[in-house]
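Written below as structure tokens is the structure these notes are about.
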Amino acid sequence: MTKKTDQDVMRENNKKLVLKTLFNAGQTSRSSIAGAIHLQKSTVSSIIRELHEEGLIEELGIGEASNAGGRRPNLIQFNYRYGYVLAFDMGARHLRYSVNYLNGEAIKKDSLRLIGNSVKDVFQMMREVISGLQAFDTMKGLLGIAVSTHAPVHENEIRYSPFLELDSFALLPALQEIVDVPIRFENEANLTAISIRDFWYYAGEEPLQNLLALNIHNGIGVGTIINEQLYYGVQGLAGEVGRSVIYKDKQVYRLEELYSEKAIMERIAKHEKKAELTVDEFAALIESKDAFVLEVVDEWITAIAQMAYNLVQYSAPEAVFLSSRSLSQFPDLLQRIFEEYKALDPLGETRIEFTQHDIYDSSLLGGVALISRQVLGLESQDLVFKK
């Protein structure tokens, strides 16, 4: 393998810097880019020419002159229609997917009901989705695939799954046989954290550098961003908060056995003498102010506030973002979680918030950002994505 010279490395880094600036800028010019990143105009023009040849630049024509006069600039922008990416979310009961341009803009999305719980069945559904994709008015078509899993991932492999039967079936090689693009697997809580980092709108504030995404669904998981980078831990096992142990009623439980959304609804379903409870049925029972349900919810709120408090004591993030299908329907419950959290830590600076977009969008958008960065070679750059 040919060793890169210092000049090659510098050129590569400069190209990434120009591409990042172009990606974030919207309409801009070569001189504006050169001024923003403090490179010579000739260097920027050379890199822009190279990116143009690759199809990553869109020419917009002549812009207006500045107030100081001078030549009118040739405007350019990143070609978001260069290609698109596909993100899947493998849930316990649904396969959700989203097709997005490289800047994050959605082209289409859908949710498919799973038949069975075998990963082989999931693969068949993925293959049908992929085979039905079009060019969507792009130059290159499909550029990459991200797969959100409700399970730990290490070195692009699913460690285990509490919801799907893996059946010794190698999903990654099976996908690689039908499509020749980069494919990334990642834990759904990690992708939620990425989506908050890359898609969250801060209303004029500086982007958060350290944050936690606390996802309470069928299990309980945490995605951790430290200094704007995702923290994986040893073998991708960071954030498996639901596996933490808790002593209750003279018995040891896993945290998610008591306080995951699934555990709470199973507890209420048993009281209602039902085999299972849907999120809508759960919400209806809360609205009806059923005494037993309210008692369970009170306990759940306290447990979530304590979870958030304990996480904050360990990592001291700037914000904790909560995600739950059922709780998101009741702003007053969210307020109660915040109030109980503040009672535990009245002087703390960490914010407690709920994700702005639909909870199912969170992991999908995180997957879009993850694979788009890989396709562009901008994994560690500050990029501004658009929903």
With a 6.0 Å cut-off on the ring centroids, do F169 and F123 count as close?
yes

Taking the six-membered ring for Trp and the single ring otherwise, decide whether the centroids of F199 and F385 are under 6.0 Å apart.
yes

Quick check against the 3.5 Å criterion: does S328 have a side-chain atom that pairs as donor or acceptor with the backbone of R325?
yes

Between the side chain of Q381 and the main-chain N/O of L378, is any donor-acceptor distance below 3.5 Å?
no

So which atom in Y309 and which in L344 form the shortest heavy-atom distance, rounded to 0.1 Å?
CE1-O, 3.5 Å

How close do K16 and G377 get, counting heavy atoms only, and between which atoms?
CE-O, 3.3 Å

Any Lys/Arg nitrogen of [X] or [Y] sitting under 4.0 Å from an Asp/Glu carboxylate oxygen of the other?
X    : Y    : result
K274 : E272 : no
R267 : E295 : no
K248 : E257 : no

If you draw a 6.0 Å radius around CG in D137, do more than 12 non-hydrogen atoms from other residues or ligands fall strictly inside?
no

Residues in ring-ring contact (aromatic ring centres under 6.0 Å, His included) contact with F136, at least two apart in sequence or another chain
Y84

What about M139 and F78, same hydrophobic cluster or not, with Ile/Leu/Val/Met/Phe/Trp/Tyr joined at side-chain heavy-atom distances under 4.5 Å?
yes

